[in-house]
Amino acid sequence: MDQQRTPLFSGLLRHINNHPIPFHIPGHKKGNAIDPAFKDFLGENVFKMDLINIEPLDDLHHPQGIIKEAQELAAEAFGADYTFFSVQGTSGAIMTMILSVCKPGDKIIVPRNAHKSITSAIIFAGATPIFIHPELDENLGISHGITPSAVKHALQVHPDAKGVLVINPTYFGIAGDLEKIVSIAHEYNVPVLVDEAHGVHIHFHEGLPLSAMQAGADIAATSVHKLGGSLTQSSVLNLQGDRISHERVQTILSMLTTTSTSYILLASLDVARKQLTTNGYQMIVKSIQLADFARTEINNNLSYIYCVGEEILGTEATFRYDPTKLIISVKNLGLTGYDVEVWLRENYHIEVELSDLYNILCIITPGDDEKTIQILLKALKRLESENMNDVITREVNVKIPDIPLLAILPRNAFYAETEIIPFSEADGRISAESIMVYPPGIPIFIPGEIITKENINYINKNKQAGLPVQGLQDETLESIRVIKEQKPIY
Ligand SMILES: Cc1ncc(COP(=O)(O)O)c(C=O)c1O
């Protein structure tokens, strides 16, 4: 196929250049009825492309024309048998893949540090989650992915699972041996579902971790908008092989998707695919070079700030890594990652991707250049010199308690009658809420799990230490919503 073609984008341009007179939604009609200040800022063209699924423009729910062609080109580009465009982010694509394999009561093997769209899909599906703890990094205070041995063990105990879900790579760019995980799961004929929110680009450069499709996974939800050059909210769902029916995926995606799909988002997927296939390699080479330069400068010139490099490799969970992610550890500077995030914003207008207790994460993409890297380096240098006198060696504390017992399905907990009780009295009760402790961002319990004294003590200790504990409706953590106990009727 000719990857230079952009059938969807070109089809929209053809339509726009015909100067159609719309008697259909959207009612702003090519921007004529848009607030002038907004239109002034965005320009006219964006409103001309804000179209709807009229016949010449195809329909994402039943693609037959330009959307179908664009999806076929994307499938070839990603090495998939089918690619489905999502205008509801990777969250929508993740829910689709889980609902495509799980019926009520089915088991699905998932990492404990799963994105909330995974928990939502488990609730919608009425599935039973079989959790695997991700590997914890005691040096950085972050969690990595799940390992082949953990997947093997989970499948030995639950060979009837309907899927294994893997996050590859993690938010921090760390990947396990996905090919091995796939081969273990396929021995049980269990499909592998990949959360590839942070890995659209890895398919296009052999120096990066293997993509889901390259590793032989069955289905992958991939955020093109995060690192692949399309607009925010646009993602793809890639499918290969015959373990999961493409008709079922199309039906479920359609059930979860708005009928008013944005053609601006869809067109941005079409052009991002063209750019990734025709020029992606060179663009990624540039990102890697810039990131490697920044990493070397930080590690050679700064004493208390450290940027993670390939020395992280070598464990089962750290099989490959994405060097374009700068994991910058500030734990020895006497500051938290949150402090550093705020300091960078206030002093240099720098916005980081994320921060936690010990680190900040900066992503380097083809949108960066020497200038942006130099500003980051200058800022980090000043940050270190201003805090040199306060440096301390901080112990990383990422111990987490065992995963609690699941008493009822998350869906049943979600719909059950609940009551609010003091947190200190919750031992033995079934939680109706999730609670997360950072680092390493793993839920301590989710709806349906039995709260133990150990959980309560662990959360109280984190709270006393001033560590972020999030998720409960009551932000003071004094009370918690639990499943109401029914008194027996005699
Ligand atoms: C690991 C992971 N999975 C899934 C998602 C959801 O992606 P999206 O924002 O495209 O819905 C995110 C978002 O940050 C994520 O970090």
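Counting convention: from 1, in listed order, for ligands and their atoms alike.
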Any Lys/Arg nitrogen of Lys68 or Asp58 sitting under 4.0 Å from an Asp/Glu carboxylate oxygen of the other?
no
side-chain contact (heavy atoms from CB on, under 4.5 Å), paired with Val87, selected from Thr258, Leu231, Ile264:
Thr258
So, 4.0 Å and heavy atoms of Gln233: is ligand 1 close enough to count as a contact?
no
Report the distance from atom CD1 of Ile480 to atom CD1 of Ile435, rounding to the nearest 0.5 Å.
6.0 Å
I would like to know whether Asp322 and His198 meet side-chain hydrogen bond (donor to acceptor under 3.5 Å, both in side chains); could you show each step before the answer?
CA-CA 10 Å; Asp322 172 1; His198 299 285; over 6 Å; no
Quick check: Thr90 and ligand 1, any N/O pair under 3.5 Å apart?
yes
for atom 16 (O) of ligand 1, nearest protein heavy atom and its distance come out as His198 NE2, 2.7 Å
Please identify which atoms of ligand 1 are closer than 4.0 Å to at least one heavy atom of Gly89.
10 (O), 11 (O)
Distance from atom 1 (C) of ligand 1 to nearest protein heavy atom, with residue and atom
Asp195 OD2, 3.4 Å
Within 4.0 Å of some non-hydrogen atom of Ser223, the atoms of ligand 1 are 7 (O), 10 (O)
Could you pull out the closest heavy-atom pair between Thr83 and Gln71, with the gap in Å?
O-CB, 3.3 Å
Identified side-chain contact (heavy atoms from CB on, under 4.5 Å) partner of Asp218 from the options Gln240, Met213, Arg243
Arg243
Under-4.0 Å heavy-atom contact with ligand 1, by part of Thr170 that carries it
neither
To check your reading of the model: name the closest protein heavy atom to atom 13 (C) of ligand 1, its residue, and the distance in Å.
Lys226 NZ, 3.0 Å
Please verify the inter-ring angle class for Phe78 with His203; under 30° counts as parallel, over 60° as perpendicular, anything in between as tilted.
tilted
For ligand 1, which atoms sit closer than 4.0 Å to a heavy atom of His225?
8 (P), 10 (O)
For ligand 1, is there an atom lying under 4.0 Å from some heavy atom of Ser117?
no
Top protein contact for atom 11 (O) of ligand 1, by heavy-atom distance
Ser91 OG, 2.6 Å
Check this for me: does any side-chain nitrogen of one of Glu449 and Arg112 sit under 4.0 Å from a carboxylate oxygen of the other?
yes
